[in-house]
Asks: 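This is the structure I have questions about; it appears just below.
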Protein chains: 2
Amino acid sequence: MLLDEDLHIAPNCGSCPIRHRAVCARCESTELAALEDIKFYRSFQAGQTLIWSGDRMDFVASVVTGVATLTQVMEDGRTQTVGLLFPSDFVGRPGRDTAPYNVIATTDVMMCCFRKKPFEELMARTPHIGQRLLEMTLDELDAAREWMLLLGRKTAREKIASLLAIVARRDAGLQGQVRQRQVTFDLPLTREAMADYLGLTLETVSRQISALKREGIIELAGKRTVHVPDIDRLIEEAADDADGGMPG
Amino acid sequence: MLLDEDLHIAPNCGSCPIRHRAVCARCESTELAALEDIKFYRSFQAGQTLIWSGDRMDFVASVVTGVATLTQVMEDGRTQTVGLLFPSDFVGRPGRDTAPYNVIATTDVMMCCFRKKPFEELMARTPHIGQRLLEMTLDELDAAREWMLLLGRKTAREKIASLLAIVARRDAGLQGQVRQRQVTFDLPLTREAMADYLGLTLETVSRQISALKREGIIELAGKRTVHVPDIDRLIEEAADDADGGMPG
DNA sequence: CGCACTTTTGAGTCAGTTCAACCGAAGTGG
DNA sequence: CCACTTCGGTTGAACTGACTCAAAAGTGCG
């Protein structure tokens, strides 16, 4: 779809904002140069579907800026989001050629893409890429399993609190902020997208957000901007054990 | 716990039933020999907890025979199973030293263990192990995401049908059977363990199994042995698209 | 201003939970 | 050998958290 004209603003890897967290994190300069040779950028607008489930995937990619979702849709339309992609997250699977999920931009998104074939060849020669990808995949697996607990056992209120806590954390992480009591961030998701991620209806999402607001656990400026006066209270509502899922 | 005396029945890798599916699948003979040097077997009885969440993990392992679960428990006791471990599945994560989940044997289980430190060193020298582990981890991630759809969006009846279909498939797969209309298998889980995996109560599990039996979609011999006269009907009840999750 | 879209709120319903009783098979020990 | 307990499983009845359907209230944009 839509080939954009942003190619000219392509930053080089040295100044890339996700250089030290993405799949290329461990690469040395020669390896990086090889990656740089086969990379290209694409950008997408909020709401665009980047990849359709079942489509042939001829590239893999890293999210550079913005947020996207991975979603599964049943034949009757029931929809479940199975992953949130933040900057540095990886899309696609070496060795598979059709996409298993829809990938949808929920904000404007910039991706750093690699054609799959050359990427796979490079991976075979460059253990650092495979190592980093394994690390990232194991992290994603942990995140998916944490989400299984949420989907299977948490109440609607706990689900909302968990999502807000996670977005707050990732958002803070991107800005390199230390842990602090107060945080403000933008929700990169509509109520419906939240519902799809949490296994709820959008009405329930709206009601629970209203309830958290009413009780002073969050404050809203507009529909999307959230201020959390006391992050520990929010984490308590999420019913996560101890650290609220901070990497141990 | 319980160091067993089965060590003497330790098969060598050549005759190992999971040789071609486990983390060692791609290893050549010299690599295999290196693994063989650091491996040891442990067996556990049904019901035993192999590993407690939070425990120090000084080994990683492959399931050789039997079935185990990965479960997460919230402070108030709510429990969610986040993975079923069948023969050839891998337990543990190189580079992490405390277990994030309880691992519980639901049948008698035999594990092929590797002390973590030597395994990690070997992995650094042996790309085939890391490659295979990446492949397996990506498969598990797909499975986890399929389960997220189940937990978030499926009805109780669909959840039960999905679980039965998956156990039937993995069970058939182990026996190298081709796809056939009729299948019979043993459920390696109690009603409660099924409930924990499906995000239901054990009463609901029992009721839905009774309902499927009443409608002739399954037949029971005892509580645990399930006969499926028409696997396609079961898969239809599971509401999976197309192939019921067969590897594409 | 008016149309389209997202979000909020309300009222009634229902799938799945909760609580409780009961069943059958497998020990156990007097 | 039979009472007694335990354990996994089934079934019933009442309850409830989240869903469904419906309508109103923002919000943004040409």
Side-chain angles (χ1 to χ4, degrees), chain A residues 45-48 74 76-80 104 106-107 150-164 186-215 218-226 237 239, chain B residues 45-48 69 74 76-80 104-107 150-164 186-215 218-226 237 239:
Chain A
Q45 296 176 336
Q48 260 192 302
M74 293 169 67
D76 61 6
R78 280 176 283 176
T79 300
Q80 178 65 48
I104 305 171
T106 65
T107 66
L150 176 145
L151 291 171
R153 295 303 188 195
K154 288 190 181 179
T155 64
R157 182 189 178 88
E158 290 166 345
K159 287 179 174 182
I160 297 287
S162 300
L163 177 61
L164 294 177
D186 261 30
L187 269 175
L189 303 172
T190 64
R191 299 288 183 262
E192 186 179 19
M194 288 188 251
D196 286 342
Y197 197 23
L198 297 170
L200 296 171
T201 59
L202 67 90
E203 293 95 328
T204 299
V205 170
S206 181
R207 276 187 250 274
Q208 294 298 335
I209 288 183
S210 297
L212 290 175
K213 187 174 75 177
R214 213 177 305 124
E215 297 168 36
I218 60 174
E219 291 155 24
L220 297 184
K223 303 295 179 193
R224 294 293 193 88
T225 302
V226 180
E237 293 295 336
Chain B
Q45 297 175 337
Q48 261 192 302
T69 59
M74 293 169 69
D76 61 6
R78 280 177 283 176
T79 300
Q80 178 66 47
I104 304 171
T106 66
T107 66
L150 176 143
L151 291 171
R153 295 303 186 193
K154 288 190 181 178
T155 64
R157 183 189 178 89
E158 290 166 346
K159 287 179 174 182
I160 296 287
S162 300
L163 177 60
L164 294 176
D186 261 31
L187 271 174
L189 302 172
T190 64
R191 300 289 184 262
E192 186 179 19
M194 287 189 251
D196 286 343
Y197 197 23
L198 297 171
L200 296 172
T201 59
L202 67 91
E203 292 95 330
T204 300
V205 170
S206 181
R207 276 186 250 273
Q208 295 297 336
I209 288 183
S210 298
L212 290 175
K213 186 173 76 176
R214 212 177 306 127
E215 296 169 36
I218 60 174
E219 291 154 24
L220 296 185
K223 303 296 180 191
R224 295 290 196 90
T225 303
V226 180
E237 293 294 337

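By convention in this document, chain letters (A, B, ...) are assigned in the order of the sequence lines, proteins followed by strands, and residues within each chain are numbered from 1. The basis for the numbers below is simple: all heavy atoms, side chains too, and nothing from hydrogens, waters or symmetry mates.
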Asks: Is there a side-chain contact between Leu187(B) and Leu164(B) (heavy atoms, below 4.5 Å)?
Replies: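 They are in contact (side-chain heavy atoms under 4.5 Å apart), so the answer is yes.
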Asks: In whole Å, what is the span from the NZ atom of Lys154(B) to the C1' atom of dA18(D)?
Replies: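 That distance rounds to 20 Å.
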Asks: Side chain of Ala156(A): nearest nucleotide among dT7(C), dA18(D), dG16(C)?
Replies: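 Nearest listed nucleotide: dA18(D).
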Asks: Output the rounded distance in Å from CG (Leu202(B)) to C1' (dT11(D)).
Replies: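 Between C1' of dT11(D) and CG of Leu202(B): 12 Å.
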Asks: Among dA18(D), dT10(D), dG16(C), find the nucleotide with the atom closest to the side chain of Leu200(A).
Replies: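 Selected nucleotide: dA18(D).
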Asks: Can you measure Lys213(B) atom NZ to dT10(D) atom P for me and round it to whole angstrom units?
Replies: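 From Lys213(B) NZ to dT10(D) P: 7 Å.
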Asks: DNA chain D: Thr155(A) or Gly222(A), which has the more 5' nearest nucleotide?
Replies: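 So the residue in question is Thr155(A).
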Asks: Taking CD1 from Ile160(A) and P from dG17(D), how many angstroms apart are they, rounded to a whole number?
Replies: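 Rounding to the nearest Å, CD1 of Ile160(A) and P of dG17(D) are 16 Å apart.
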Asks: Counting side-chain heavy atoms from C-beta on, which of dT7(C), dT9(C), dC19(D) comes nearest to Glu203(A)?
Replies: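 Given the options dT7(C), dT9(C), dC19(D), the side chain of Glu203(A) is closest to dT9(C).
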Asks: Under 4.0 Å between a side-chain N or O of Thr190(B) and OP1 or OP2 of dG8(D)?
Replies: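 Answer no for this pair, as no side-chain N or O of Thr190(B) is under 4.0 Å from OP1 or OP2.
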Asks: Rounded to whole Å, please give me the gap between CD in Glu158(A) and P in dA18(D).
Replies: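 The answer, rounded to whole Å, is 9 Å.
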Asks: Would you indicate what Gly47(B) reaches in the nucleic acid, counting non-hydrogen atoms under 4.0 angstrom: base, sugar-phosphate, or nothing?
Replies: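 Counting heavy atoms under 4.0 Å across all strands, no contact is made by Gly47(B).
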Asks: With a non-hydrogen cut-off below 4.0 angstrom, is Ile209(A) in contact with a base, only sugar-phosphate, or nothing?
Replies: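 Answer is nothing: Ile209(A) stays at 4.0 Å or more from every strand.
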Asks: From CZ of Arg214(A) over to P of dT8(C), roughly how many Å is that when rounded to an integer?
Replies: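 The distance from CZ of Arg214(A) to P of dT8(C) comes to 11 Å, rounded to the nearest Å.
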Asks: State whether Ser206(A) places a side-chain N or O below 4.0 Å from either non-bridging phosphate oxygen (OP1 or OP2) of dT8(C).
Replies: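 It does, given that an N or O in the side chain of Ser206(A) lies less than 4.0 Å from OP1 or OP2 of dT8(C).
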Asks: Supply the atom-to-atom distance Gln208(B) CD to Glu158(B) CD, rounded to the nearest 0.5 angstrom.
Replies: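 Going from CD on Gln208(B) over to CD on Glu158(B), the span is 10.0 Å.
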Asks: Take the protein atom CG of Leu151(B) and the nucleotide atom P of dG16(C), then report the distance between them rounded to whole Å.
Replies: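 About 13 Å, once rounded to whole Å.
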Asks: Taking OP1 and OP2 of dA18(D), is either one under 4.0 Å from a side-chain nitrogen or oxygen of Thr204(A)?
Replies: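 It does not, given that no N or O in the side chain of Thr204(A) lies less than 4.0 Å from OP1 or OP2 of dA18(D).
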Asks: When you measure from the side chain of Ser210(B), which nucleotide among dT9(C), dT10(D), dT7(C) comes out closest?
Replies: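 Closest nucleotide among those given: dT10(D).
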Asks: How far does CG of Leu150(A) sit from CD of Gln80(B), to the nearest 0.5 angstrom?
Replies: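 Leu150(A) atom CG to Gln80(B) atom CD measures 10.0 Å (nearest 0.5 Å).
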Asks: For a quick check of understanding: with a heavy-atom distance under 4.0 Å over all strands, which category does Arg157(A) fall into, base, sugar-phosphate or nothing?
Replies: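 Nothing, no nucleic acid heavy atom in range.
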Asks: Please pick, from dT10(D), dG16(C), dT18(C), the nucleotide with the shortest atom-to-atom distance to any side-chain atom of Arg207(B).
Replies: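 Of all the options, the side chain of Arg207(B) is nearest to dT18(C).
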Asks: Whether Thr201(B) contacts dG16(C) is assessed here as follows: a side-chain N or O lying under 4.0 Å from the phosphate OP1 or OP2. Is that the case?
Replies: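 For Thr201(B), the contact criterion (side-chain N or O under 4.0 Å from OP1 or OP2 of dG16(C)) is not met.
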Asks: Could you state the NZ-P distance from Lys223(B) to dT11(D), rounded to the nearest angstrom?
Replies: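 It works out to 8 Å between those atoms.
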Asks: Side chains of Leu220(B) and Thr225(B): closer than 4.5 Å at any heavy-atom pair?
Replies: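 When only atoms from C-beta onward are counted, Thr225(B) and Leu220(B) do not touch, as no gap falls below 4.5 Å.
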Asks: Would you give the length of the straight line joining atom OG1 of Thr107(B) to atom CG of Asp186(B), rounded to the nearest 0.5 angstrom?
Replies: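 Interatomic distance, Thr107(B) OG1 to Asp186(B) CG, rounded to 0.5 Å: 10.0 Å.
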Asks: Could you check if a side-chain atom of Leu202(A) sits within less than 4.5 angstrom of a side-chain atom of Met194(A), using non-hydrogen atoms only?
Replies: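 They are not in contact (no side-chain heavy atoms under 4.5 Å apart), so the answer is no.
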